[in-house]
Amino acid sequence: MSHLYRHLRIHQVFGANTDVGKTIITTALARASALKNNTVFYLKPVSTGPLRDADDEHIKRFAGPKRSLIETRCLFRYDDPVSPHLAVKLASGTSEHEPSPPSDATFPMAVAEYVRACARKCQAGHMYIETAGGVHSPTLSGTTQIDSYRPLLLPSILIGDSKLGGISSTISSYESLLLRGYTVDAVILFRDSYYRNYEYLTSYFAERSLRVLSLDPPPRRLDNHADNLASTESYYSKVVPGGLDSEVFEAVQHLEECHVRRIEELDSMPRRALDTIWWPFVQHGHLKSEKDVTIIDSASGDFFSVYNRISGSSSPTTSLSEDSLLAPQFDSSASWWTQAVGHAQPSLTLAAAMAAGRYGHVIFPQAIHLPALKLAERLISNGPGKGWASRAFFSDNGSTGTEVALKMALRCFSVNCGNELTATERKNLGIIGLKGSYHGDTIGAMDATEEGVYTCEWHQSKGLWFDPPTVAIRHGKLAVSIPTAISNSLPSVHFQDLGSIYNVNSRLASSLAETYRLHIKNVLQAFHQSYDRRLAALMLEPIVMGAGGMIFVDPLFQRILVDTVRDRSLFSNPLPVIYDEVFTGLYRLGVESSIPLLGSNPDIAVYAKMLTGGTLPLAVTLASDHVFQAFNSQSKADALLHGHSYTAHAIGCQVANESLDSFDSLVKQQSWRAAQDKWISQSDSKLGTWSFWDPSFVQAISQLDIVQEVMTLGTILTVKFSGDNTGYVSHSAKELLQPINAPEGDMFGIHFRTLGNVAYFMTSLNTPRKNVEVVENRIWMALAQYINSPL
């Protein structure tokens, strides 16, 4: 939704309050822009009150000698001189046919359409979009305009308040804009000779490298209409003289320079990044040019605002394209699985600012602050730890969270074993896991996986890895594929719906469950006979193994693994069970935790990524009291000696609490119920296994010859392509879906990530259905050409 043009400089005009002179100062800026021979566009999106007093009419009336270069427009006009949200209600009450006000989605879209139209009809222009009232004055829907205009995120001018109390309102307005990501290029206000606010504000903002400009105040309004017109015109002629030498022209020149600098910096970013950045999970040998670098100017909701350079010129006055240099791209990887409620959510931003302002960071060991305490209590008593966890251990990200879990589990096992373990055996304990699992990039987390593409020279695979049966939709049929190591006679088992697969308790008595039990016992016995390593814990990514290729594991297999390691006839000391829910936890799969799906509690579980709604890193490892007591003694050496300087940082904890509040609200919304109704049948009505992705689309994609399998649950959609078995190093998925990266007609572009021949897509928990439909349509359009065609 953001707009940026080389040939059209755009600024949005906010006011520190009502009646601070927004229209008068904007009129002066428009006159000055026109006198410099620029086409000028003035937009007042919402106007209330009589037409004769409308701001766009004022601009027309005092457009000056170059009035032919100035175009004015109002999009929504109401007669009552009240706040826009009230004007809508009053207008609706006068006629039963009065249309409803535009929504928070359509309102900025209407502004964007006008901006786009203006860009198409000028070669060199300036545009001013004037808001109504103060920064937090409501728009037509009732949302404050600072949030309503946020998807556009246009560079801004703040009109300061020159009256009594104006210093405070100006600074408060500036900080409100800053908290929502706006760039304020200038503060402009009148020079009041009594209060002299401009003097203080000039000094105050100079420390923040922000330009403050002041203008002579306008004359008082005269009762005689003709005299008032003449007086006002005389004022504009004085502050915007024909000689192009005044504070107003200085302001226009400054705004032009800001515009040029912004584009120059965006133009230079790819080269600078290629020269200085070492990206994770990127082979730099594949980066052929600056075009391979995605320049993210901002983000809002589910979208990045991506900069597209126009080659050949960087001149801001040369119209090389009618299209905006900024294009929306749907963030379909949820920014590496972190996004929960969309980018730049004001409630999360304010929560972070509040905690930063109150605490900054404070030391945590043997201390407590309310954000951390509330988060721990919530996760244990009313969250995924309900009924089994007693303690919450904080760390900084998913990888360290899983390392904490490993330390907990291994110590717990060692304490349970007492003196039967030698010192050498304690140092050589192993983990039971699944092939394709991934628990992070730190060394300890890598040691808890088999040797693979993510491991490194110092890595030592310490454990036993089962080849898991997987769940997918293949050519329209939902099936569990069973590795030959488990059964040669049952290559796959078909199911009618998601509920029949994920109702694990009902499947425990099946013949397939018995096959799993026998296989797991046989593998464990063979391991014990062949290796001198004691197995000390079971570590699982429940339901979905993410980085291993978005592998949906048969939950029955994972449940039987849990039951087996707790079977005292097989293990004299039952093994602690770790659920790594860093990726899948907190509603990524449509449920708060996978625990109800598996039907069995862990001893330890790890949560991160979505915990803070995609705002900043934080991880929590939950543990049962039994695990905690393994560390509880009178010796400091027995304590869990693990931590980092920013443990339980108040900013992350406060944001996490706010995120969890948002989740609680979202699960009750109609959009969730509508998606659930498409998937949930009688067999899974209690478990709630469902997807935000449309079942008919998923079925259709799975039928394509080029597609090997598809799977979906909650926010996740995965597509595995046929004909390329080279795994993570494959480029097939990326190449096949490359067309969806760029916009197509009225459809936005899609930023996506792949794992070899697997492409995955994710929504946020509040992604509108219409956006999901666009993603579905773009995927279908990209793949439909391969119908009945070889890869």
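Keep in mind the model is a prediction, meaning the values are calculated, not measured.
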When the ring centroid of Trp336 is compared with that of Phe281, is the distance short of 6.0 Å? yes
Worked verdict on Leu540 versus Asp580 for side-chain contact (heavy atoms from CB on, under 4.5 Å): CA-CA 6 Å; Leu540 298 174; Asp580 174 1; over 6 Å; no
Is the distance between the ring centroids of His369 and Tyr359 under 6.0 Å? yes
Quick check for you: to the nearest 0.5 Å, what is the distance between Ile482 atom CD1 and Thr515 atom OG1? 7.0 Å
So, are Arg566 and Asp603 salt-bridged, with charged N and O less than 4.0 Å apart? yes
Given the side-chain rings of His343 and Phe304, with only the six-membered ring counted for Trp, is the space between their centroids under 6.0 Å? yes
Going from NZ on Lys720 to CZ on Phe552, what distance comes out if it is rounded to the nearest 0.5 angstrom? 13.0 Å
Salt bridge or not between Glu377 and Lys374? Use side-chain N to carboxylate O under 4.0 Å. no
Quick test of your reading of the model: are Arg378 and Asp664 salt-bridged, counting only N-O distances below 4.0 Å? yes
Take Ser399 and Asp441 through the test side chain to side chain donor-acceptor pair (under 3.5 Å) and record every step on the way to the result. CA-CA 6 Å; Ser399 184; Asp441 297 316; over 6 Å; no
Give a yes or no on whether Tyr646 atom OH has more than 12 heavy-atom contacts from other residues, nucleotides or ligands under 6.0 Å away. no
Phe752 versus Thr754, closest heavy-atom pair with distance: CE1-CG2, 3.7 Å
State plainly whether the residues Glu581 and Lys609 are in salt-bridge range, i.e. N to O under 4.0 Å. no
